[in-house]
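One structure is given here, and the rest of the page talks about it.
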Amino acid sequence: MTTSDIRLSVSMDDEGIQDIRWEADDAPEPGLQQAKAMILSLWDGEVRNAMRIDLWTVDMTVEDMNDFVFQTLFSMADSYSDATGNKAVSAELKMFAREFVERANRAESRPPPPA
């Protein structure tokens, strides 16, 4: 058995998260890598509860967040299919991800509602 460590570093100030950096023993590139957002989900099987850490930097754009959420949902569909063999539900999740990003992008191009 081997062990691989993943290290996260988050810098923040009064305005919010300024920088997210990560490093992993098995990463494709050595050293610290920069990220604008992250979602870390852990499953506690004993209490059957998901624990999450969702972070994004203050300079993350709405367009980037739309793409990030879309790609995360899309890849979760593949993970779900691999883990369960349920290709039908995986396909539905991918369809939802596509609809999500289309709606989010349309909403982003609209003028803001009057105050």
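Position 1 is the first residue of the sequence; numbering continues from there. All values derive from a computational prediction rather than experimental measurement.
F74 is not listed as a side-chain neighbour of L93, based on a closest heavy-atom distance of 4.5 Å or more. Side-chain contact between W43 and R48 is present, with at least one heavy-atom pair separated by less than 4.5 Å. The closest side-chain heavy-atom distance from F96 to L73 is below 4.5 Å. Between L40 and M38 there is a side-chain heavy-atom pair separated by less than 4.5 Å. Side-chain contact between Q34 and W22: absent, with no pair of heavy atoms (C-beta onward) separated by less than 4.5 Å. The closest side-chain heavy-atom distance from L55 to I20 is below 4.5 Å. Residues D44 and L42 form no side-chain contact, since every pair of their non-hydrogen atoms from C-beta on lies 4.5 Å or further apart. Counting only heavy atoms from C-beta outward, the side chains of V89 and K94 never approach each other to under 4.5 Å.
Under a hydrophobic clustering in which Ile, Leu, Val, Met, Phe, Trp and Tyr are joined whenever their side-chain heavy atoms come within less than 4.5 Å, directly or via other members, M51 and W56 fall into different clusters.
Side-chain atoms of T72 come within 3.5 Å of backbone atoms of F68 as a donor-acceptor pair (strictly under, hydrogens ignored). With hydrogens and angles disregarded, no donor-acceptor distance shorter than 3.5 Å links the side chain of S81 to the backbone of A77. Distance alone, capped at 3.5 Å, places no donor-acceptor pair between the D54 side chain and the I39 backbone.
Across all non-hydrogen atoms, the minimal contact from M60 to A37 is CE-CB, 3.7 Å. Nearest approach of E15 to V58, heavy atoms of both residues: O-CG1, 3.3 Å. In plain terms, the two heavy atoms of F70 and F100 that are nearest each other are N-CE2, 3.9 Å. Scanning both residues, V101 and N66, for their nearest heavy atoms gives CG2-O, 4.0 Å.
Between K36 and D59, at least one side-chain nitrogen of the basic residue sits less than 4.0 Å from a carboxylate oxygen of the acidic one, meeting the salt-bridge criterion. A salt bridge between K87 and D82 is absent, with no side-chain N of the basic residue lying under 4.0 Å from a carboxylate O of the acidic one.
For the atom pair E92 CD and E99 CD, the distance stands at 10.5 Å (nearest 0.5 Å). A distance of 10.5 Å separates CD in E63 from OG in S109, rounded to the nearest 0.5 Å. Of the inter-residue distances, the one linking Q33 atom CD with S9 atom OG reads 13.0 Å to the nearest 0.5 angstrom. Interatomic distance, M12 CE to Q18 CD, rounded to the nearest 0.5 Å: 9.5 Å.
Checking D64, D19, I17 one by one against T57, the side chain to side chain contact (heavy atoms under 4.5 Å, CB included) holds for a single residue, I17.
Remark: R52 CZ is loosely packed, at most 12 non-hydrogen atoms of other residues, nucleotides or ligands lying under 6.0 Å away. The environment of CE in M65 is crowded: more than 12 heavy-atom neighbours from other residues, nucleotides or ligands sit within 6.0 Å. Counted within 6.0 Å of CD1 on I53, heavy atoms from surrounding residues, nucleotides or ligands total 12 or fewer; the atom is thus considered open.
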